[in-house]
> 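Here's a structure for you.
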Amino acid sequence: MSGAQIGGIVAAAGLVPLLVTADRRLGLAGLAAWIVGYVVLMADLLHAPIATLRVDATDRPLLAAAGIVLVAAGIAAGAFVALRWPIAVLLAAVATASARIPVHTAGEDAKLLLPLYVVIAVVVAVMGIELLTGRARPPALGRIGWAAAGFVLWTTVSLLWSADEQQGAVQILFFYLPFGLLLAYLATLRPRLTDLRNALGIQVALAVVFAGVAFWQFEAKHIFWNQTIIVAHQYASFFRVNSLFYDASVYARFMAVTIVLLAGLVVFRRLTIPLVALIAVLFAGLYLAYSQSSLLALAAAATILGAFAWPRRLVIGIVAVALVVGLAGLAAALRTNAAHDVTSGRTTLIDYGWTVMKRHPLEGAGIGGFAREAVAETSHPGRRAKNAASHTTPVTVIAELGPIGFALYAGLLGTIALRALRSGTDRLPRLTLLTALAAVAASSLFYNAYFEDPASWILTALIATVTLAPRPRAEAPA
């Protein structure tokens, strides 16, 4: 076994008690295992040939030292605030979940969630202090915790047979392990309605800023970061914005989730002209990204939201009409265009998935192995199929993790839905959060990023733990 495999499995095993049990000793052992395993995994990747984390700071040692001191001071300050006001972690996670920083290191380009990783580093420190001092609150995930733990553990174990161990280790390091730990901590917070309002305020404020930048880009015909979009504009008949995001579809998905959350207020709370106007402005900002996946995600979420509020017969009628119109439109398109063109290449990617599934019908190709295994029997078996695992989460999951992994994935989604649908005074906010999560899931059917998007993990934690009960005095901010 390699260092990455050992480290990843140890860290994932340590995550299990943090997600499912309130036992302090098991929690301490789990956090220690998570830290040790994560460090081992990172150390192994730092010695990989194309490790994107390696930064050569030998030519600027003072600057590197100052950066380390600054980050350490920030983590210490964040831990101090979080110990006195735990809900600040939720607000900080929402504020930083969309901040992907372009980094060029070791000859590689990466868009890293650096601000969010600092928040997660604060979580590690706070969890350690709370567990050591007996102040830790038990997670309230219930069956969701077991489902999440099982999926993350199986995903990490698949490193043992992954067709591309390094790529799989990168995904484990950057997404599954840190976001799983964030889920475990957020599940201990018991956010109230006021906390949800504050988090939504941050989300909406960011969306307004992003929309403003998108409007400016559209008017100025200027794009940030993404050279691919810049080149594409030379041949396209429309101008596609990406706001402050690298990827236009990631920007559009963020806007779609925000719109769905606001729409939940309209449906379940009250309809106001300013709220409708705000939704219209954000939709205009989303539309300029020309993201098909996000528009479909928004439509799916709107249908689900309507299903919770409208009469059942009306919902069935709308769905039936939508299916008829959609199938008719698809049939008309296919008469004049190839399926590859109509679906923007998705059919080719599904063919890749079928190829991988036939080759690995039981265990899958392992996490990160899709792109390389998809072209294993071609004239270039050593390369990765560009973007092969970047457009549909279910196909990627079953191709990489096999039937067991897909069952765990479906089980996780099912337990989340059941938790949100259960009766109670807090059912309406849970339904709104579930609809926003459905938008992310729908987007992942066409633009694979369900587990790579922090919103999935944050919304899951909120669905499991939100309560309308009054906050005890002892939990109020100091």
Side-chain angles (χ1 to χ4, degrees), residues 7-39 41 75 78-79 82-83 86-94 96-97 113 116-156 172-191 195 199 408 411-412 415-416 419 433 437 450-467:
I9 293 173
V10 168
L15 190 60
V16 173
L18 297 173
L19 289 168
V20 304
T21 182
D23 187 280
R24 175 171 170 265
R25 289 173 296 180
L26 289 177
L28 273 172
L31 182 61
W34 187 94
I35 294 172
V36 171
Y38 196 82
V39 170
L41 174 60
I75 292 173
L83 287 169
I87 207 67
V89 173
L90 169 63
L91 303 182
V94 172
T96 58
L113 292 159
L116 181 61
Y117 294 143
V118 173
V119 173
I120 294 173
V122 170
V123 167
V124 174
V126 171
M127 289 183 77
I129 294 172
E130 289 181 343
L131 287 167
L132 287 170
T133 59
R135 298 167 56 186
R137 300 164 298 279
L141 289 169
R143 293 180 180 177
I144 294 177
W146 286 103
F151 182 78
V152 173
L153 186 58
W154 177 257
T155 299
T156 307
I172 296 295
L173 179 75
F174 284 113
F175 305 119
Y176 292 89
L177 291 180
F179 294 170
L181 190 74
L182 180 64
L183 171 64
Y185 184 79
L186 293 179
T188 69
L189 297 183
R190 315 297 196 277
D195 302 322
L408 292 170
L412 175 59
T415 55
I416 295 171
R419 183 65 169 265
L433 293 166
L437 185 62
Y450 185 82
F451 295 105
E452 293 81 0
D453 191 336
S456 302
W457 305 80
I458 295 172
L459 289 169
T460 297
L462 293 177
I463 289 169
T465 62
V466 65
T467 175

> Work out which heavy atom in A149 is nearest to a heavy atom in V20; give both atom names and the distance.
CB-CG1, 4.3 Å
> Does the side chain to side chain contact (heavy atoms under 4.5 Å, CB included) test come out yes or no for V16 and L26, once each step is laid out?
CA-CA 9 Å; V16 173; L26 289 177; over 6 Å; no
> Can you measure from CG (L19) to CD1 (I144) and round to the nearest 0.5 angstrom?
11.0 Å
> Could you please spell out the steps behind the side chain to side chain contact (heavy atoms under 4.5 Å, CB included) verdict for L18 and M127?
CA-CA 10 Å; L18 297 173; M127 289 183 77; 3.8 Å; yes
> Quick one, W146 and L412 - any side-chain contact, counting heavy atoms below 4.5 Å?
no
> Nearest 0.5 Å please: distance from the CG atom of L177 over to the CG atom of L41.
6.5 Å
> If every non-hydrogen atom of T133 is compared with every non-hydrogen atom of I129, which pair is closest and at what distance?
OG1-O, 2.7 Å
> Do the non-hydrogen side-chain atoms of L116 and F179 ever get within less than 4.5 Å of each other?
yes
> Using every non-hydrogen atom in the two residues, find where E130 and L83 come nearest and quote the distance to one decimal.
CG-CD2, 3.9 Å
> What orientation do Y176 and F151 show, parallel under 30°, tilted 30 to 60°, or perpendicular over 60°?
tilted
> Show the nearest heavy-atom pair for residues V126 and A82, with the distance to one decimal.
CG2-CB, 3.7 Å
> Of all residues at least two apart in sequence or in a different chain, which pass the side-chain hydrogen bond (donor to acceptor under 3.5 Å, both in side chains) check with Y38?
none
> More than 12 heavy atoms of other residues, nucleotides or ligands under 6.0 Å from CZ of R419: is that the case?
yes
> With a 4.5 Å limit on heavy-atom distance, are the side chains of L181 and L15 in contact?
yes
> Would you give the length of the straight line joining atom CG of L28 to atom CG of L131, rounded to the nearest 0.5 angstrom?
4.5 Å
> Apply side chain to side chain contact (heavy atoms under 4.5 Å, CB included) to R190 and I87, showing your working.
CA-CA 9 Å; R190 315 297 196 277; I87 207 67; over 6 Å; no
> Hey, does R137 have a side-chain heavy atom less than 4.5 Å from the side chain of L189?
yes
> Picking from L459, I458, D453, what satisfies side chain to side chain contact (heavy atoms under 4.5 Å, CB included) with S456?
D453
> Drop me the distance from I75's CD1 to I120's CD1, to the nearest 0.5 angstrom.
11.0 Å
> If you take all heavy atoms of A12 and L153, which pair is closest and at what distance?
CB-CD1, 3.8 Å
> Any side-chain heavy-atom pair from W457 and L182 closer than 4.5 angstrom?
no
> Write down the atom of A33, the atom of V10, and the distance for their closest heavy-atom approach.
O-CG1, 3.5 Å
> Do L113 and T96 touch side chain to side chain, with heavy atoms closer than 4.5 Å?
no
> Tell me, do P191 and T465 make a side-chain contact under 4.5 Å, heavy atoms counted?
yes
> Quick one: are V124 and W34 in side-chain contact, heavy atoms under 4.5 Å?
yes
> With rounding to the nearest 0.5 angstrom, report the CG to CD1 distance, L433 to I463.
5.5 Å
